[in-house]
There are 2 protein chains.
Amino acid sequence: MNRNVTIKDIAKAANVSISTVSRTLNGSPIVAPDKQRRVMEAAARLGYVPNASAQGLVRGRSMTIGVLTQDIASPFYNEVARGIDAGFSGTGYQPIFVNGHWQSQDESAAITTLIRHQVDGLIILGGRLDDEQLHKLAARYPLVLVGRRVAGLERRSLAVDNVHGAWLATTHLIQMGHRRIGHITGVASQRDALDRLEGYRLALAEANIAFDPKLVYEGDFNEGSGIQAVDHWLAQGTVFSAIFAANDQMAFGARLGLYRKDIRVPDDVSLVGFDDLPASRIALPPLTSVHQPLFEMGEQAAQLISQQLTAPDRPTTPPLLPLTLSVRESVRYNRALAP
Amino acid sequence: MNRNVTIKDIAKAANVSISTVSRTLNGSPIVAPDKQRRVMEAAARLGYVPNASAQGLVRGRSMTIGVLTQDIASPFYNEVARGIDAGFSGTGYQPIFVNGHWQSQDESAAITTLIRHQVDGLIILGGRLDDEQLHKLAARYPLVLVGRRVAGLERRSLAVDNVHGAWLATTHLIQMGHRRIGHITGVASQRDALDRLEGYRLALAEANIAFDPKLVYEGDFNEGSGIQAVDHWLAQGTVFSAIFAANDQMAFGARLGLYRKDIRVPDDVSLVGFDDLPASRIALPPLTSVHQPLFEMGEQAAQLISQQLTAPDRPTTPPLLPLTLSVRESVRYNRALAP
DNA sequence: TTGTAGGCGTTATCAC
DNA sequence: GTGATAACGCCTACAA
């Protein structure tokens, strides 16, 4: 509406030159105290707000970091986003978020948007952009990849050991006496999903339990596929005493699917998820889940980018954040020891 | 890293003037076809991305809309954010999100950040900014308030009838035979929370059920206070056969609190929430809840801002989005009819 | 210590 | 049709 207040306006009001105003505002030491006061007073009175576009244009830096997230409504990405938000607080950098919707072309468009806005760096959460595109981006911009490990970009990837996490979950179930363990996978094209399946198989092999393909259902990381998995197994007559879902959302779906058939968790079937979302602590029953330090990953990503920005030469190796199992109440000891 | 490609670079590569490049890129009709081709080719080859700062500076419009949200991790705000995202898709406007954390000073800082970035309009979700500040903002910028009704700014507020919603929930429980209905309120300083309490009282009064202050527990809209409410009532020996929580998150907390005491929902106690979050559909049991059209509210907000931007004179009255009750499985008919 | 002037990348207004 | 050129708001040598 009303034209915004500019430095020129302040200069006029305080009866000084625009450079004096600029210097004062930027804390330059060499300004006469009285003028300084007059400028500050005028700026406050007029309600001056610096124009980031103009500053960015002349400084060549916008002090904003672009974050490509996949789904603003997903609890998974939100936890990471919250960490990023926290990680930048006080650094002067401002994260701005855009959505890729898990679609390669949306992601490209979103990144272009970010670059148009002159972001100083990029944080990419998951996604389907292929490695080549990521390499191209990495060559031009400070970049951090979260939840994804790309060959040649290890230094800039923040990932967790998904194989180990899945192994942890499956081994826990085995130790609790389960031998027929269903696994609901994530989207098969995603590395995370593949790694978790791998961890599941590994744990079975170590315990000398034969891998049964019937016990693996391909899900899509959404609640719906958890329900479908259960319905499918029940319809096929597949026997199982426990389920390991590749994320918590699918575990919730499975839980509901079981409830509808009057099968209790953990009384009849044990359940383990992956991600340890905030909601899982208060789920019913509280869900045993592989703890991904999502918030911390966001924080780390923010720090990593900051380092690349301030000290681009000093190569930094992102720390490997540990994966642990949050044991809660959704697993029960299996007395039946059904074959 | 590498300097970004500019119009100047394209001009050099295509051997034309920068004005011709600019015209071509902006789709001006009067450019010779061959030059046009050369420009487009060079732009593509060089990977040109326009500089939004520079465009914003000269055009006076940034084509971005600032959205002040409170908590990026809250499922409530995320649903609205998703609607906003969808509402702007295809309009050329780009929403950018910042967090206020439910704190007045953070909110002010966040809004200043947005203004620095020359947003063309503001969408404010909830928050604690006082009416005077909002009026000041509204005087200077296109503005839409979501989930909040401010005197004098009705035209720019998108709110729902919380009293009616709470009445709906409570009346449903009464019709299902419940007379001792606990209510977990939201943060007492928030208008929404007060309105929902009001709706609860109204429904009781209509049914000639005496209001019992013991049955009202002051929560804070987070899961934890749902657990506390249940613990409190149980410790006090307060009798109830149903609970109406002022939002779904507290309802989930209550459900867990009851589960811990081996009280079943809906077998022993019925439960109704407010917001109808996506998670409530797959909760256990699926939660009966007052449906807030969160996604639609976001969409509406986006549209409203767009209208203010394109036709500032034509006053628009935001439609009052209807509140309905999503009846699911967390309420059971109360045979006991306890006094 | 202060002011003037040039330039960041883009669009728009002029002449040609 | 096309190409200089003046803004847009700000910062920063450079001069004074």
Side-chain angles (χ1 to χ4, degrees), chain A residues 2-40 42-43 46-64 92 112-120, chain B residues 2-40 42-43 46-64 92 112-120:
Chain A
N2 297 334
R3 192 179 56 77
N4 278 324
V5 178
T6 73
I7 278 198
K8 221 173 176 176
D9 300 321
I10 301 179
K12 204 172 298 173
N15 197 30
V16 293
S17 76
I18 57 167
S19 24
T20 300
V21 176
S22 176
R23 275 190 281 259
T24 305
L25 262 23
N26 291 300
S28 166
I30 43 168
V31 178
D34 62 320
K35 298 202 177 185
Q36 202 161 329
R37 234 184 347 88
R38 262 153 56 202
V39 168
M40 294 309 261
L46 267 40
Y48 171 73
V49 175
N51 181 325
S53 292
Q55 287 181 324
L57 193 54
V58 62
R59 289 208 262 237
R61 293 183 316 152
S62 67
M63 298 308 282
T64 61
T112 300
T113 298
L114 291 173
I115 293 175
R116 288 170 77 106
H117 285 271
Q118 305 300 110
V119 293
D120 296 333
Chain B
N2 296 334
R3 193 178 57 78
N4 278 323
V5 178
T6 73
I7 278 197
K8 219 171 175 175
D9 300 321
I10 301 178
K12 203 172 297 172
N15 198 31
V16 293
S17 76
I18 58 169
S19 335
T20 300
V21 176
S22 177
R23 274 191 282 260
T24 306
L25 260 25
N26 290 298
S28 164
I30 43 168
V31 176
D34 62 321
K35 297 201 176 180
Q36 202 161 327
R37 234 187 344 87
R38 262 154 53 203
V39 168
M40 295 308 261
L46 267 40
Y48 170 73
V49 175
N51 181 325
S53 292
Q55 287 180 322
L57 192 56
V58 60
R59 288 209 264 237
R61 293 182 317 151
S62 65
M63 298 308 282
T64 61
T112 300
T113 298
L114 292 173
I115 294 175
R116 288 170 78 105
H117 285 272
Q118 305 300 108
V119 293
D120 296 333

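Per chain, numbering begins at 1; letters A, B, ... match sequence-line order.
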- Where along residues 7-20 of chain B does a heavy atom fall under 4.0 Å from DNA chain C? I7(B), S19(B)
- Message: Can you see if the side chain of S22(B) gets near the phosphate of dT10(C) - specifically, an N or O under 4.0 Å from OP1 or OP2?
- Response: no
- Applying side chain to side chain contact (heavy atoms under 4.5 Å, CB included), name anything that partners A42(B), two or more places apart in sequence or on another chain. I10(B), A13(B), A14(B), R45(B)
- Item | Out of dG1(D), dT2(C), dC10(D), whichever nucleotide has its closest atom nearest the side chain of V31(A) | dT2(C)
- Query: Yes or no on side-chain contact (heavy atoms from CB on, under 4.5 Å) for V21(B) and V16(B), after CA distance, side-chain angles and deciding distance?
  - Reply: CA-CA 7 Å; V21(B) 176; V16(B) 293; 3.7 Å; yes
- Partners of T113(B) by side chain to side chain donor-acceptor pair (under 3.5 Å), sequence neighbours excluded? none
- Message: Any side-chain N or O of N4(A) below 4.0 angstrom from OP1/OP2 of dG9(D)?
- Response: no
- Item | Terminal axes of the helix from dT1(C)-dA16(D) to dC16(C)-dG1(D) (five pairs each): angle between them, nearest 10 degrees | 50°
- Checking dT1(C), dT12(D), dT2(D) against the side chain of A32(A) (C-beta onward), the nearest is dT1(C)
- Message: Suppose we screen for side chain to side chain contact (heavy atoms under 4.5 Å, CB included). Which residues come up paired with R61(B), at least two apart in sequence or across chains?
- Response: M63(B), Y93(B), D120(B)
- Round to the nearest Å and state the distance from N26(B) atom CG to dT10(C) atom P. 10 Å
Between N or O atoms, less than 3.5 Å apart, protein on one side and nucleotides 14-16 of chain D on the other: list the pairs.
none

- Note on the structure: Residues passing the side chain to side chain contact (heavy atoms under 4.5 Å, CB included) test with T24(A), sequence neighbours excluded, are T20(A), V31(A), Q36(A), V39(A), M40(A)
- Message: Whole angstroms only, please: what is the NZ-C1' distance between K35(A) and dT2(C)?
- Response: 6 Å
- Task: Could you pull out all residues at least two apart from S19(B) that satisfy side chain to side chain donor-acceptor pair (under 3.5 Å)?
- Result: none
- Query: For the pair made of NE2 in H117(A) and C1' in dG9(C), what is the distance, rounded to whole Å?
  - Reply: 15 Å
- Item | Rounded interatomic separation in angstrom, taking CG from L25(A) and C1' from dC10(D) | 11 Å
- Item | Nearest-angstrom distance from the residue atom CG of D34(A) to P of dT2(C) | 7 Å
- Message: Heavy atoms within less than 4.0 Å of DNA chain D: which residues of residues 51-64 of chain A have one? Give them sorted by number.
- Response: N51(A), A54(A), Q55(A), V58(A), R59(A)
- Message: So, using side chain to side chain contact (heavy atoms under 4.5 Å, CB included) as the criterion, who are the partners of R59(B) when residues are at least two apart?
- Response: N26(B), Q55(B)
- Item | Residues which pass side chain to side chain donor-acceptor pair (under 3.5 Å) with T64(A), listed by chain and number, not counting sequence neighbours | S62(A)
- Query: What closest approach, in Å, do Y48(B) and V5(B) show between heavy atoms, and which atom pair accounts for it?
  - Reply: CD1-O, 3.4 Å
- Given L57(A) and Q118(A), is the side-chain contact (heavy atoms from CB on, under 4.5 Å) satisfied, shown in steps? CA-CA 9 Å; L57(A) 193 54; Q118(A) 305 300 110; over 6 Å; no
- In whole angstrom, what separates I115(B)'s CD1 from dG9(D)'s P? 16 Å
- Not counting sequence neighbours, which residues clear salt bridge (charged side-chain N to carboxylate O under 4.0 Å, His left out) with R116(A)? List them please. none
- Query: How many angstroms lie between CD1 in I115(A) and CG in N4(B), if you round to the nearest 0.5 Å?
  - Reply: 7.0 Å
